[in-house]
Amino acid sequence: MQLTGRSNYEGYHNYLTRIGLSNFYQEPDNISSGLHSVLSAMWYFKYRVLDKMTIDANTSVKDVTKKINSGLKALDKRESFFESAKNKINC
């Protein structure tokens, strides 16, 4: 995942401010490495998916994909990754 668009960068910065970490974020360029590469992806997933829908055993990859990006290109590949992750995590 990656952040694109000014509103996403502002939303991420606002989130960091709320949790007291805004001093670690100087500009969008430093989002692609280190702490921000993981934290921004987790924030985006929570903001775009977890805050908007319930995830349970019946949730499909297609349902989640639509919350992140309405394009369903390579959906079969995502489903394969999802099933592999579920099997490895045992959930």
Side-chain angles (χ1 to χ4, degrees):
M1 272 188 221
Q2 66 183 35
L3 292 183
T4 56
R6 178 177 280 200
S7 65
N8 286 324
Y9 285 106
E10 288 173 356
Y12 178 62
H13 185 262
N14 292 339
Y15 165 73
L16 291 176
T17 299
R18 282 194 313 275
I19 65 169
L21 292 177
S22 62
N23 57 326
F24 293 107
Y25 176 78
Q26 287 84 34
E27 59 186 57
D29 287 343
N30 76 348
I31 232 171
S32 63
S33 63
L35 169 71
H36 293 294
S37 63
V38 175
L39 193 56
S40 65
M42 292 170 61
W43 167 80
Y44 187 82
F45 190 77
K46 180 182 180 326
Y47 169 72
R48 293 293 292 235
V49 178
L50 298 179
D51 288 354
K52 311 242 186 239
M53 66 186 293
T54 300
I55 305 285
D56 59 25
N58 298 316
T59 305
S60 71
V61 172
K62 186 175 181 179
D63 294 336
V64 173
T65 297
K66 285 182 179 181
K67 295 293 182 190
I68 296 170
N69 179 342
S70 60
L72 298 177
K73 196 174 191 179
L75 184 63
D76 56 338
K77 194 172 188 177
R78 289 183 206 151
E79 288 174 332
S80 174
F81 287 143
F82 179 70
E83 290 303 319
S84 176
K86 278 191 342 186
N87 292 335
K88 289 177 182 164
I89 297 171
N90 193 26
C91 56

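Values below: every heavy atom of this structure, side chains too, minus hydrogens, waters and symmetry copies.
- Tyr47 OH to Asn8 CG: the interatomic distance, rounded to the nearest 0.5 Å, is 6.5 Å.
- Inter-residue side-chain proximity for Tyr12 and Leu39 is flagged as met; some heavy-atom pair is nearer than 4.5 Å.
- Under the side chain to side chain contact (heavy atoms under 4.5 Å, CB included) criterion, Arg18 pairs with Asn14, Tyr15, not counting sequence neighbours.
- Cluster annotation: Trp43 and Leu21 are assigned to the same hydrophobic cluster (Ile/Leu/Val/Met/Phe/Trp/Tyr, side-chain heavy-atom contacts under 4.5 Å, transitive).
- Linking Ile, Leu, Val, Met, Phe, Trp and Tyr whenever their side-chain heavy atoms come within less than 4.5 Å leaves Phe45 and Phe82 in two separate clusters.
- A continuous path of ILVMFWY side-chain contacts below 4.5 Å connects Leu50 to Ile68, so both sit in one hydrophobic cluster.
- With hydrogens and angles disregarded, a donor-acceptor distance shorter than 3.5 Å links the side chain of Ser40 to the backbone of His36.
- Residues Val61 and Ile55 fall into different hydrophobic clusters, defined by Ile, Leu, Val, Met, Phe, Trp and Tyr side chains chained together at heavy-atom separations under 4.5 Å.
- Residues passing the ring pair (Phe, Tyr, Trp, His ring centres under 6.0 Å) test with Phe81: none are found, sequence neighbours excluded.
- Between Thr59 and Thr54 the shortest side-chain heavy-atom distance does not fall below 4.5 Å.
- Listed by first and then second residue, the salt bridge (Lys or Arg N to Asp or Glu O under 4.0 Å) pairs involving residues 42-69 are Lys46-Asp51 (not counting sequence neighbours).
- Among residue pairs with one or both ends in residues 72-84, those qualifying as salt bridge (Lys or Arg N to Asp or Glu O under 4.0 Å) are Glu83-Lys86; sequence neighbours excluded.
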